[in-house]
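The shown structure was predicted, so the numbers you read here are calculated from the model rather than taken from an experiment. Start at 1 with the first residue, then count along the sequence.
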Amino acid sequence: MEEDRKVDLSEALALGPEWRHACHALLYAPDPRKLFGRIPMRFAVLMQMRFDGRLGFPGGFVDTQDSCLEDGLNRELREELGDAVSVFHVERSNYRSSHLAVKLRVVAHFYVKRLTLEQLLAVEARAPQAKDHGLEVLGLVRVPLYILRDGVGGLPTFLENAFIGAAREQLLEAIQDLELMDPGTIANLTIPSSKETQPTMDP
Ligand code: APR
Ligand code: MG
């Protein structure tokens with residue numbers, strides 16, 4: 001059996017009709033505040049508690065009615081996060097990676113979009129009115145981008161949650177590539193190994 005792996009977008013788009021495409025987005029904004037008056041929050045990064053008890057990014061399956069991947073993604077964001085997302089669009093330029101889940105015949109595309117803090121706060125405020133709130137989405141969470149003095153509180157403990165698909169890897173790559181954490185802190189991060197989190201079938 002072929003392994004789950006990353007693929008280029010061109011390879012992903014050339015997959016046959018038996019493959020379903022899903023798109024998810026990491027939305028983030030600079031956050032100037034300090035926790036306890038001393039720990040810089042740096043950025044507000046949004047994830048969500050999903051219906052299956054795993055953490056993931058907002059987004060979902062692209063339908064045949066969607067004219068492109070990004071149309072599907074923006075529609076899913078609207079359903080899962082509500083109408084505050086209509087002031088921005090996630091575009092092809094925000095694309096970062098694609099992961100194959102071979103057993104599920106799903107290819108998951110990942111996007112990253114920087115918002116203003118005001119836009120992100122509006123998304124959080126409106127999310128409880130979204131169509132999927134309380135159903136597919138059980139709530140938004142922010143990712144702790146720091147390590148507490150005990151060496152495990154903050155991001156290391158957050159990473160011990162269960163994540164859907166490639167979400168954990170996508171989060172870690174984005175933290176590194178976009179320097180969402182202090183580079184010195186990232187260098188000291190010992191990342192706990194991931195749990196087996198991929199569902200074996202649809203709900
Ligand atoms: N990385 C990789 N794969 C992911 C990620 C991710 N970050 N997030 C989700 N997936 C995969 C999972 O296999 C998931 O089942 O993509 C699939 C679709 O993503 P969802 O966000 O779960 O899909 P959505 O369209 O929002 O619908 C949720 O309702 O109608 C049902 O069967 C449908 O499972 C789907 C559920
Ligand atoms: Mg979804």
Looking only at heavy atoms, which two atoms of [X] and [Y] are closest? And how far apart?
X      : Y      : value
Ser98  : Val107 : CB-CG2, 4.2 Å
Ala174 : Leu26  : CB-CD1, 3.8 Å
Arg114 : Pro30  : NH2-CG, 3.4 Å
Ala130 : Leu81  : CB-C, 3.6 Å
Gly56  : Ala167 : CA-CB, 4.2 Å

Measure the [atom1]-[atom2] distance between [X] and [Y] for me, rounded to the nearest 0.5 Å.
X      : Y      : atom1 : atom2 : value
Leu117 : Tyr28  : CG    : OH    : 13.0 Å
Asp182 : Leu145 : CG    : CG    : 11.0 Å
Leu104 : Arg20  : CG    : CZ    : 8.0 Å
Gln170 : Ile164 : CD    : CD1   : 10.5 Å

side-chain contact (heavy atoms from CB on, under 4.5 Å) against [X], all qualifying residues, sequence neighbours excluded:
X      : value
Leu138 : Met49
Arg126 : Asp83, Ala84, Gln129
Ala127 : Leu140
Glu79  : Arg75, Glu76, Lys131, Asp132

Give a yes or no answer on whether the side chain of [X] reaches the backbone of [Y] with a donor-acceptor pair at less than 3.5 Å.
X      : Y      : result
Glu169 : Ala166 : no
Thr157 : Val152 : yes
Arg78  : Val85  : no
Asp63  : Gln65  : no

Measure the shortest side-chain to side-chain distance between [X] and [Y] over non-hydrogen atoms and say whether it is less than 4.5 angstrom.
X      : Y      : result
Asp177 : Arg96  : yes
Pro156 : Ile147 : yes
Asn161 : Arg168 : no
Leu159 : Leu172 : yes
Phe110 : His99  : no
Leu55  : Phe158 : yes
Leu120 : Arg142 : yes

> Any chance the side chains of Glu70 and Tyr111 put a donor and an acceptor closer than 3.5 Å?
Replying inline: yes
I'd like a table of donor-acceptor pairs (distance under 3.5 Å, sequence neighbours excluded) in which one partner is a side-chain atom from residues 5-16, with atom names and distances.
from, atom 1, to, atom 2, distance (Å)
Arg5, NE, Glu2, OE2, 3.3
Arg5, NH1, Glu11, OE2, 3.2
Arg5, NH2, Glu2, OE2, 3.0
Arg5, NH2, Glu11, OE2, 3.2
Lys6, NZ, Glu173, OE1, 2.9
Lys6, NZ, Glu173, OE2, 2.9

> When you look at Leu69 and Tyr95, which way does the side chain to side chain contact (heavy atoms under 4.5 Å, CB included) test go after all the steps?
Replying inline: CA-CA 10 Å; Leu69 293 178; Tyr95 166 82; over 6 Å; no
Would [X] end up clustered with [Y] when hydrophobic side chains under 4.5 Å apart are linked, directly or stepwise?
X      : Y      : value
Val112 : Leu155 : yes
Leu77  : Phe51  : no
Leu35  : Leu121 : no
Val123 : Val90  : yes
Val143 : Leu115 : no

> Aromatic ring centroids of Phe57 and Phe163 under 6.0 Å?
Replying inline: no
Contacts under 3.5 angstrom, residues 37-48 side chains, donor-acceptor by atom type, not counting sequence neighbours:
from, atom 1, to, atom 2, distance (Å)
Arg42, NE, Leu180, O, 2.9
Arg42, NH2, Glu179, O, 3.1
Arg42, NH2, Met181, O, 3.4
Gln48, NE2, Glu80, OE1, 3.0

